[in-house]
Asker: 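Here's a structure for you.
One-based numbering, in listed order, for ligands and for the atoms of each.
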Amino acid sequence: MRTSTQTLRDKIIQLLEANRVDIHSKYTYTKPAPKVYEQQWLWDSCFHAIVQRWIDPEMAKRELLTVVAHQVDNGTHTGMIPHMNYWDNAGSELWGIAHRSIITQPPIIACATLLVHEVGHDKKFLNAMYEPLAKYHRWLTSDRDPDGDNLVSIIHPWESGWDASQRWDRILKLNKPTDDDSKMERVKLVLALKTYDCDPNALEQQNYFSVEAIDFNNIRAADIESLAAIAKILGKDDDSMSWKSIAKKIQGAIHRKMVLENYYDLTSADEIPIRVNNAAKFISLFGGSISHREALELVKKLQSHVYWPHFGITTTPTSSDTFDPNRYWRGNVWPCVNWLIYKGLKRYHFDDVAKKLARNYIDLVLENGFWEYYNPLTGQGLGAKDCSWAALVLDLAIEENL
Ligand code: GLC
């Protein structure tokens with residue numbers, strides 16, 4: 001292992017250890033960041049497990065088993081994996097339920113499960129995860145695709161993981177909002193979710209937030225491909241074939257409805273493109289929904305100065321009139337987004353570009369430390385300090401042998 005990777009690894013062992021939460025020795029998870037994010041978040045835990053597989057594979061498995069422990073097991077939303085688990089039962093005030101939220105987050109949990117398995121080869125773990133994962137994806141199909149077009153809808157910006165992005169301003173009827181304005185809208189929206197029992201049809205009809213998001217759907221396609229691979233390892237060949245064909249249908253729908261329309265998110269009600277330029281389009285590489293020729297064009301755009309000013313890929317291009325390098329989700333480098341783009345570049349064999357992105361990100365973390373997100377122009381760390389998902393850098397360092 002190279003010196004920089006060894007240094008990162010040592011620091012990351014300490015970081016993840018300090019952020020670990022133990023629940024009566026039965027469950028365990030890594031909090032995203034001390035003080036600011038003490039609960040368990042779905043996609044964060046998946047990213048933590050992806051890193052933890054290189055350090056302590058048992059812990060990686062336990063984190064994923066913990067994240068599915070509050071999967072909904074009865075009623076209309078059976079199968080949903082909540083975006084937040086409140087192991088201290090503090091969820092009631094916001095959600096009306098003590099131990100979990102009522103929405104989900106980008107489905108990257110089958111990918112995480114497969115990546116963890118690739119290190120430890122533990123079929124017992126895969127077996128334990130298979131049904132929860134299958135149920136989750138069945139729920140997404142039955143509950144979140146009311147028009148049956150193979151693109152699922154998200155019903156709250158929190159479900160995208162990109163909480164305060166400009167992508168959502170118009171749908172939330174916000175015009176150049178302050179951070180407080182948009183936070184208030186997000187909290188208010190939870191009331192509507194409770195009133196309409198998170199029914200995407202009803203929310204759509206009442207003109208609430210309902211969006212077919214390009215990154216969520218691409219991540220879902222890749223997740224189902226991983227689910228197909230898991231089914232195959234477990235000898236469930238028919239399941240595997242059927243998951244594969246679902247993933248293909250999703251990729252086809254993304255291509256037809258989004259890629260050919262300039263890679264925009266769509267409003268769920270009338271499928272009108274939300275014409276806000278942002279980096280979610282690059283996650284089409286991760287989801288495998290584009291041709292090699294389209295990937296070439298996309299990667300050219302990715303390398304342009306407006307998306308890759310210096311310290312990694314920014315969520316909002318620097319040319320946008322609402323670009324703000326210091327404001328939450330409005331023009332920053334996020335570890336999760338950069339990791340997804342890196343993996344997408346590898347998928348389409350843009351190895352040199354991927355290596356450059358990895359190098360960039362490693363230098364950023366070595367220089368500035370572990371932060372929730374970074375200023376793309378200066379590299380300054382922003383948001384929550386000692387943030388666990390910044391540890392994703394180790395996955396890139398190991399893959400690149402840097
Ligand atoms: C913020 C991010 C979200 C993340 C959470 C915990 O809310 O926007 O994507 O899951 O923090 O880190």
Asker: How far is atom 7 (O) of ligand 1 from its nearest protein heavy atom, and which residue and atom name does that atom have?
Answerer: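 Going by distance alone, atom 7 (O) of ligand 1 is nearest to D163 OD2, 2.7 Å.
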Asker: Which ligand 1 atoms are under 4.0 Å away from a heavy-atom of W329?
Answerer: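 Near W329, meaning under 4.0 Å from one of its heavy atoms, ligand 1 has 2 (C), 8 (O).
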Asker: I want to know if ligand 1 touches G161 in the polar sense, i.e. an N/O pair below 3.5 angstrom.
Answerer: yes
Asker: Considering only protein heavy atoms, which is closest to atom 4 (C) of ligand 1, and at what distance to one decimal place?
Answerer: D44 OD1, 3.5 Å
Asker: Please confirm whether H83 approaches ligand 1 to less than 4.0 Å, judged on its heavy atoms.
Answerer: no
Asker: Between K176 and D324, does any side-chain N to carboxylate O distance fall below 4.0 Å?
Answerer: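 Salt bridge flag = no for D324 with K176.
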Asker: Check D73 with K135, please: is the shortest side-chain N to carboxylate O separation under 4.0 Å?
Answerer: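 No, K135 and D73 are not salt-bridged.
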Asker: Can you check whether W158 reaches V190 side chain to side chain, under 4.5 Å on heavy atoms?
Answerer: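 Sidechains of V190 and W158: in contact.
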Asker: Would you tell me which option among Y373, Y328, W162 has the nearest heavy-atom contact to atom 2 (C) of ligand 1?
Answerer: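 Comparing heavy atoms across Y373, Y328, W162, the nearest one to atom 2 (C) of ligand 1 lies in Y328.
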Asker: Is D169 salt-bridged to R330, going by a charged N under 4.0 Å from an acidic O?
Answerer: yes
Asker: Which ligand 1 atoms, with their elements, are less than 4.0 angstrom from a heavy-atom of W389?
Answerer: 4 (C), 9 (O)
Asker: Decide whether an N or O pair under 3.5 Å exists between W334 and ligand 1.
Answerer: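 By distance alone, the answer is no.
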Asker: Is the Y37 ring parallel, tilted or perpendicular to the W41 ring (thresholds 30°, 60°)?
Answerer: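 Rings of Y37 and W41: perpendicular, over 60°.
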Asker: Taking NZ, NE, NH1 and NH2 as the nitrogens, is one of them in D215 or R167 under 4.0 Å from a carboxylate oxygen of the other?
Answerer: yes
